[in-house]
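As structure tokens, the structure follows; a few thoughts come after it.
So that the names make sense, note that chain A is the first sequence line, chain B the second, and so on, each numbered from 1.
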Amino acid sequence: MRTSQYILATLKETPSDAEIISHQLMLRAGMIRKLASGLYTWLPSGLKVLRNVEKIVREEMDNAGAIEMLMPVIQPADLWQESGRWEQFGPELLRITDRNNRPFALGPTHEEVITDFVRKEINSYKQLPITLYQVQTKVRDEVRPRFGVMRAREFTMKDAYSFHLSEECLTQTYQRMHQAYCNIFERLGLDYRPVLADTGSIGGSLSHEFHVLAESGEDAIAFSDASDYAANIEKAEALAPKTERAAPSKELNSFATPEAKTIAELKANHGVKPHRGVKTLIVYGAADENERRGLVALIVRGDHDLNELKAQSHDLVHSPLEMAKEQDIISAIGARPGSLGPVGLNMPVIVDHSAAVMADFVAGANKDGEHYSGINWGRDVTDYVVADIRNVVEGDPSPCGNGSLHIKRGVEVGHIFQLGTKYSESMNAGVLGESGKNQMMSMGCYGIGVSRIVAAAIEQNNDDYGIKWPLALAPFSLAIVPMNMHKSHRIPEIANNLYSEFKKAGIDILFDDRKERPGVMFNDMELLGVPYTLVIGERNLDNNQVELKNRRTGEKRMFSIDDAVTEICALINSQ
RNA sequence: CGGCGAUUAGCGCAGUUUGGUAGCGCACUUGGUUUGGGUCCAAGGGGUCGCAGGUUCAAAUCCUGCAUCGCCGACCA
């Protein structure tokens, strides 16, 4: 490709609404442009990278025995009503009606469509197991699109679905997909981790997420420094402390705290260290037989955070978790949030393990502007249950028993689930088994955020000058940058010759034939992240040489013009 | 959906407080100049100042409503 006949579309200035580095660089490098919130046009360079990701994903899916197909974006509502997700999915499901007023959804995922397809086409156990996949545009009307293509309303996803006669068979395919995903992220050159994940409302028994490690990641993941244990922080178990609770050594004592409504203010105004106090959070309890929801108190140590997923999975707590409204708290307790504590609470109390081993601790007195010190479980609070309801923190012991936990941020680029029979049962998808009886199929589903990978890869591969693409992802492998071509007779000839020879050799090459100053060209090629740049200038031509620059290492190497094509092709193809 | 902020040329922004009919840098076009890391000079094209209504002799500027975009939060198979 010649830049003069291309849309390079690089920007000197950073568009003001781009927050994270990958979004900024995708705009500046001319990869994407915003059409509306969460909707992006892919320019030629961006599309080439997207296609490179797709190619690797397809190859590894095919290797793992999956078969590619393609389903519609527009899906009839009745399928979603059948699975129960027409109501359940909420406003994220973008709904439309056709000219006959028939309701449809723009597909955020394809469990319904694939299950419908398979129940019609697959009739016998002999046709199982089977894994089908597609690479396709998904639509989710996100509450808050952000970070460019990282969380967009329309995005490219590879989604795969497997069908089985037994759970054992499902587990085998699940392992195979797990391995295929590892292969994909290895080949993409990404620093990634498979982590245990919550199955969420999609249900099922086992689930892993694949995270690309990056500071800008929206998820926190916890992993052991002494084993391969890794889990989304939502899922990571906080082990009960091994230490026994100390015996009470102080009396219960109230003190005035008119200005202290938060843990931080207690520390600043009264010298209470956060780990010597507890936080009391009031949420709604599980509905009783009359559909009434009472209040429940959740208690965690002052320096810990509540884990909402753990809390809402507790029998006493309403799911989904909802923090109590201030008015409800005041009418039940007689105090505002900020002065709450476990002593004398007239509601069920769930105490986190770490808070339950505290002695002589501080908490609100359930009276505005007053706290207690010297609180002790058993003596001052008798009726409570203990559970794991907090997020793990750096340094906690690993739930696997080996080592301690570290916490890093990650971008979720893949998610695999064992669905079991959730969809096959609601949509009646069975096959005839060996015995001649109808049998429900077990399902697995496996997603990769293809467009999100492009952004995640940039988060991991950039510097002050722009993107540093790994060769497998780069929009071009090699750029030819001639110095002042229009002033020379031999440079255009040599550059054009090299360009056509590299093209003939199958190298994806960008020839910068613009009448621009060298600095402009260097900057654009570095911004775009082309892994190798071949510089052709009078200076080196006098020695019959050209110079190759490596974008990632900065290394420069000279080649004689006669050997350049052969040697550089060998260099590129060896990677 | 709640809180905050923004909306002026393709991009980045000034002008709004104090109303007088729009400007800067980049990009773009033309000519010259320069040439191994975002040259310099000159000339030029491009904006119903987000939309609607109001106040006024006069509105980018003041008032009201709406829309869009972003940030934080809540939410997120």
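With both pairing distances under 3.5 Å, B/G38 is matched to nothing as a Watson-Crick or G-U wobble pair. Judged by Watson-Crick or G-U wobble contacts below 3.5 Å, the nucleotide B/U18 has no partner. B/G5 is paired with B/C69 under the criterion used here, namely a Watson-Crick or G-U wobble arrangement in which both key atom distances are under 3.5 Å. Summarising the base pairing, B/G12 is matched to B/C24 through a Watson-Crick or G-U wobble pair whose two defining distances lie under 3.5 Å. Searching all strands for a Watson-Crick or G-U wobble partner of B/G45 with both distances below 3.5 Å returns nothing.
Rounding to whole angstrom units, CZ of residue A/Phe147 and P of B/C76 are separated by 18 Å. Whole-Å rounding puts the A/Glu92 CD to B/A74 P distance at 16 Å. Here B/G70 presents its P atom at 14 Å from CD of A/Gln24, a figure rounded to the nearest Å. The separation between A/Asp512 atom CG and B/G38 atom C1' is 13 Å, rounded to whole Å. One can place CZ of A/Phe522 at 16 Å from C1' of B/U39, the figure rounded to the nearest angstrom. For the pair A/Arg514 CZ and B/A27 C1', the interatomic distance rounds to 13 Å; values are reported in whole Å.
Remark: the backbone N or O of A/Glu555 is not paired with any side-chain donor or acceptor of A/Arg557 at under 3.5 angstrom.
Within the nucleic acid shown, A/Val481 has no heavy atom closer than 4.0 Å to any nucleic acid atom. The residue A/His110 sits apart from the nucleic acid: no heavy atom pair falls under 4.0 Å. At the heavy-atom level, A/Glu142 lies nowhere under 4.0 Å from the strands shown. If you check every strand for non-hydrogen atoms under 4.0 Å, A/Glu308 touches sugar and phosphate atoms only. Among the atoms of the strands shown, none is found under 4.0 Å from any heavy atom of A/Glu516. Among the atoms of the strands shown, none is found under 4.0 Å from any heavy atom of A/Met525.
In this structure, A/His489 places its NE2 atom where only 12 or fewer heavy-atom neighbours from other residues, nucleotides or ligands lie under 6.0 Å away. For A/Leu70, the CG atom counts as densely surrounded, since its 6.0 Å shell holds more than 12 non-hydrogen atoms of other residues, nucleotides or ligands. For CD of A/Glu68, the number of neighbouring non-hydrogen atoms (other residues, nucleotides, ligands) closer than 6.0 Å is greater than 12.
Contact annotation: A/Ser37 reaches the phosphate of B/G70 (side-chain N/O to OP1 or OP2, under 4.0 Å). At the phosphate of B/U39, OP1 or OP2 sits under 4.0 Å from a side-chain N or O atom of A/Arg517. OP1 or OP2 of B/C72 sits under 4.0 Å from a side-chain N or O of A/Arg144.
Annotation: cation-pi geometry not satisfied between A/Lys408 and A/Phe223 (NZ/CZ under 6.0 angstrom from ring centroid, within 45° of ring axis).
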Completion exercise
Quick tally for nucleotides 7-14 of chain B: nucleotides whose base has a protein heavy atom under 4.0 Å get B, sugar-phosphate-only ones S, the rest -, giving ----BSS-
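With B/G38, B/U35, B/G70 as the candidates, the nucleotide lying closest to the side chain of A/Lys487 is B/U35. Of the listed nucleotides (B/G38, B/G36, B/C71), B/G36 has the atom at the smallest distance from the side chain of A/Pro518. Among B/C71, B/C69, B/C76, the nucleotide with an atom closest to any side-chain atom of A/Lys34 is B/C69. Taking every side-chain heavy atom of A/Val143 into account, B/C1 is the closest of B/C69, B/C76, B/C1. The side chain of A/Arg151 lies closest to B/C76 when the candidates are B/C76, B/C69, B/G36.
Rounded to the nearest Å, the gap between the P atom of B/C51 and that of B/U61 is 11 Å.
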What donor-acceptor contacts under 3.5 angstrom involve side-chain atoms of residues 440-449 of chain A, with partners at least two apart or in another chain?
from, atom 1, to, atom 2, distance (Å)
A/Ser442, OG, A/Glu167, OE2, 2.8
A/Tyr446, OH, A/Ser162, OG, 2.7

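Judged as a ring-ring contact (aromatic ring centres under 6.0 Å, His included), not a single pair has a partner in residues 517-548 of chain A (not counting sequence neighbours).
Between A/Ser216 and A/Glu459, the shortest heavy-atom contact is OG-OE1, 2.7 Å.
Residue A/Lys138 is tested with A/Asp159, A/Thr156, A/Thr109 for a side-chain hydrogen bond (donor to acceptor under 3.5 Å, both in side chains); the sole match is A/Asp159.
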